[in-house]
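Single-structure report; data block below.
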Amino acid sequence: MSDALWVVGDTCPATRPYPGVRTLGDVHHALSVGELRRVRLVPSLGVGPLDWDHLADRVAGAGLVGSVTLAAPPPRPVARTEVSVPAQEDVLVAAPRNDHGTVEFALAVAEGNRIMRDHAAGGRQLPGQLLVEAAIQGLTWAARELYPAERDQPPVQPVLYGFGFEFHRPLFWLPVTVRITLSETGPPDPRRRPLNAEIVYLQQDRTCARGHVGFQACDPRSVQDTESVQSRTVGAPPPRAARRTPGEGA
């Protein structure tokens, strides 16, 4: 029987991630020098569908088909436009699905992800900033899925006004499932819908962290109008103070 080996991306900051886990670069090297035999490779965070295709080509090129097997490819991240991020490598939402109002997705971490690139601390745990960003992207996708815009209208834009997160146990560089449930917190109007998102992070079927986010799902045009008015107010010169003569008010 083949042993299973998790494959994480080279983005993982830990030099030696965990027992039974190796980075993608290490696996490619081990295949090239014949170190891997009778093993089943399983994708984890930091490994994308294209990486998995390349790994399959490497296995075939090394003549190891049958000795080294590959599990199903990792879930595919959504397009960046679906979660309003500027670069595809920053997308953290993969294979989302709507199950009776609760949205569930797999966490994805691509090579070159902005948060991991700027994350100075090494270690085996996923940084909290990455998990919070995943929640924001996930609730963006969920709001647009559960409350789609009318025909010829732009998709809603979440505007956050409050949030909180609790981390009960560390989340490591192994598959993470994020579950988001939205609920309405007030009557909607044509420009906005007040919502609350309850977020649960699961790893190995255990709840590791929770969060909640209060936000408005807004028509982006109304957001632009509001920001334009408020920015003009903030940018206006302060009123002049009345000039006082010496001894006035003494």
Side-chain angles (χ1 to χ4, degrees), residues 1-80 83 87-97 104-117 119 121-127 130-131 133-134 137-138 169-179 201-209:
M1 180 179 293
S2 299
D3 294 328
L5 181 68
W6 289 102
V7 183
V8 300
D10 297 311
T11 300
C12 179
T15 305
R16 295 183 178 275
Y18 329 100
V21 179
R22 294 181 71 171
T23 65
L24 182 63
D26 286 344
V27 169
H28 273 284
H29 175 73
L31 288 170
S32 67
V33 299
E35 287 182 2
L36 286 183
R37 292 287 191 279
R38 298 184 59 78
V39 67
R40 181 172 183 263
L41 303 177
V42 185
S44 189
L45 297 183
V47 177
L50 189 58
D51 296 321
W52 213 237
D53 289 344
H54 290 162
L55 195 57
D57 292 341
R58 174 59 64 89
V59 169
L64 294 173
V65 175
S67 175
V68 177
T69 60
L70 274 67
R76 186 175 299 277
V78 301
R80 63 180 183 82
V83 289
Q88 185 62 35
E89 61 264 26
D90 293 333
V91 174
L92 300 172
V93 175
R97 61 187 183 90
E104 194 170 282
F105 65 88
L107 182 69
V109 183
E111 188 72 29
N113 176 274
R114 169 182 50 82
I115 293 175
M116 292 308 306
R117 188 174 62 242
H119 187 62
R124 300 179 177 185
Q125 301 180 26
L126 294 171
L130 185 88
L131 299 171
E133 173 65 18
Q137 292 186 23
R169 63 177 73 240
L171 285 144
F172 298 103
W173 280 76
L174 296 173
V176 174
T177 298
V178 184
R179 186 178 297 153
Y201 301 83
L202 300 108
Q203 191 166 68
Q204 303 284 21
D205 294 326
R206 296 189 302 178
T207 297
C208 298

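Atom CG in L64 sits 8.0 Å away from atom CG in L36 (nearest 0.5 Å). One finds the CD atom of Q88 at 11.5 Å from the CG atom of N113 (value rounded to the nearest 0.5 Å). Atom CG of L107 and atom CG of L126 lie 6.5 Å apart (nearest 0.5 Å). Note that the CZ atom of R114 and the CG atom of L92 stand 8.5 Å from one another [nearest 0.5 Å]. Atom CD of Q204 and atom CZ of R169 lie 11.0 Å apart (nearest 0.5 Å). Separation of atoms CG (L50) and CD (E111) is listed at 12.5 Å; rounding is to 0.5 Å.
Using modelled atom types, one side-chain atom of D51 and one backbone atom of G48 make a donor-acceptor pair closer than 3.5 Å. Looking at Q203, its side chain does come within 3.5 Å of a backbone N or O of L174 through a donor-acceptor pair. A donor-acceptor contact shorter than 3.5 Å links the side chain of S44 to the backbone of W173. Using modelled atom types, no side-chain atom of E104 and backbone atom of T177 make a donor-acceptor pair closer than 3.5 Å. With hydrogens and angles ignored, the 3.5 Å screen pairs a side-chain donor or acceptor of W52 with a backbone N or O of A71.
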Check against side-chain contact (heavy atoms from CB on, under 4.5 Å), D3 and R38: CA-CA 7 Å; D3 294 328; R38 298 184 59 78; over 6 Å; no
side-chain contact (heavy atoms from CB on, under 4.5 Å) assessment of Q125 paired with F172: CA-CA 5 Å; Q125 301 180 26; F172 298 103; 4.0 Å; yes
Test log, rule side-chain contact (heavy atoms from CB on, under 4.5 Å), inputs V8 and L45: CA-CA 5 Å; V8 300; L45 297 183; 5.7 Å; no
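Considering every non-hydrogen atom in both P43 and P175, the closest pair reads O-CG, 4.4 Å. Closest approach of F105 to A134, counting heavy atoms only: CZ-O, 3.6 Å. Residues L24 and V7 come closest through the heavy atom pair CA-CG1, 3.7 Å. Residues G112 and E89 approach most closely at O-CG, 3.6 Å, considering heavy atoms. In this structure, L171 and A209 approach most closely via the heavy-atom pair CD1-CB, 4.3 Å. For P49 against P74, the heavy-atom pair with the smallest separation is N-CG, 3.6 Å.
Of the candidates V83, V91, D90, V91 is the only one forming a side chain to side chain contact (heavy atoms under 4.5 Å, CB included) with P77.
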